[in-house]
Novice: 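Following this message is one structure expressed as structure tokens.
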Amino acid sequence: MSFSVVIVAAGGGTRAGPGLAKQWRFVAGKPALRWSVEALLAAGARELVVVVSPDGEALAAEALSGLSGWRAVHGGATRAQSVQNGLRAIEGDPAEPVLVHDAARPFVTASHVRDLLKALDGADGAIPALPVADTLKRAGDGGLITTPRDGLWRAQTPQAFRRDRLLAAYSAWTGAEPTDDAQVVEADGGRVAIAPGDPLLMKLTFPEDFDMAERLAGAARITRTGQGFDAHRWGPGEAVWLCGVRIDHDQTLIGHSDADAGLHALTDAILGAIGEGDIGDHFPPTDAKWKGAASDLFLKHAAELVAAKGGRILNVDVTLICERPKIKPHRQAMRERLAEILALPLDRVSVKATTTEGMGFTGRGEGLAAQALATVETPA
Ligand code: MG
């Protein structure tokens, strides 16, 4: 289902302590805002607007550098005005679902989005919420008074609405500054549905929340593994390309591109890890454009797809299977070339080789085979 996103990042976040506002502070190596933007773009947002204060525009550009598919809009004096500015900046079908999200909740995932869009079906709004588990106390002059928690929920973001419905509710709103968007729709007579909340949707409010977020950061990511296999036939030639390195040899591998089976197997492993089909889907051998192509191109494309999902490659491992040429003298150069293409440290790149002791097509010298594994980390 098509949806757009408004992320509110215009606040000063004074409760989080001195320094930059919390949306610009780093959590596990990147700005809090970037976590949400990457995750919501990866979840398929059609349009994504980040609402910032005028002096936040440069900070947003820096925090989101290298990402496309988002734009900044100036906020207003209050959160409610900022949300409305963001909603009005979205183009297209006014009845399209829009998710309104606080930049201070970094760990939103595609599955949160799916749950919300499902819950929005037949309702005027949908919010992730958790039942209150702690005993609640009200502090007064006479000491603490225990307050029943039955039926109480903690509302989180993102919150989902039809864009025109939320804008209409804001136009009708006459109350004090609302603390979320669902209450504006409730006040306008709308029905707001509850989607499963998640402790991972925690809000960064106080300085100690950043320590908690650092610890949770790992739980908001998943590790995926993909494998690839490729084989090419030997034919007349004087050199062969393997793992991006040219090796002088008395034969060459025959193929539509440069027939670099190592790079092809590795490309398929990375595509496999992110569920993006295989090399033939992305670079059809029937397309003359790829005739004789250097296979670095295929590997780079797979790495770019990982980055577009907000992911990163953790390590890769390639095994070349042949009797000749000897791979060992070239192994280090191959590792270095792969590390360069993938922008990985050398110790995350492995190239190994084996023979099949004369057995099978590789043993008889009819062709060369390559296997590869790739481990990739992406948002959950
Ligand atoms: Mg191939």
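Remember, it's 1-based here, ligands and their atoms both numbered in the order they're listed. As the structure is a computational prediction, the values presented were derived from the model and not from experiment.
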Novice: Could you check whether any side-chain N or O of Gln159 sits under 3.5 Å from a backbone N or O of Gln156, counting only pairs where one atom can act as donor and the other as acceptor?
Specialist: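 It does hold such a pair.
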Novice: Check for me whether the distance between the ring centres of Phe298 and His264 falls short of 6.0 Å.
Specialist: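 Yes: the rings meet the under 6.0 Å criterion.
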Novice: For the Mg ion (ligand 1), which protein N/O/S atoms fall under 2.8 Å? Skip waters.
Specialist: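 Sorted hits: Asp230 OD2, His232 NE2, His264 ND1.
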Novice: Does Ser82 use its side chain to pair, donor to acceptor, with the backbone of Gly76 at less than 3.5 Å?
Specialist: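 Judged by distance alone, yes, a pair lies under 3.5 Å.
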Novice: Determine whether a donor-acceptor pair (N or O, by modelled atom type, separation under 3.5 Å) exists between the side chain of Arg348 and the backbone of Leu314.
Specialist: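 Yes, Arg348 side chain to Leu314 backbone: donor-acceptor pair under 3.5 Å.
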Novice: With Asp124 as reference, evaluate Arg163, Arg165, Arg191 under the salt bridge (charged side-chain N to carboxylate O under 4.0 Å, His left out) test and give the passing residue.
Specialist: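 That would be Arg165.
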Novice: Determine whether Ile274 and Val316 fall in the same hydrophobic cluster, where Ile, Leu, Val, Met, Phe, Trp and Tyr are linked whenever their side-chain heavy atoms lie under 4.5 Å apart.
Specialist: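 As far as the 4.5 Å side-chain criterion goes, Val316 and Ile274 are connected within one cluster.
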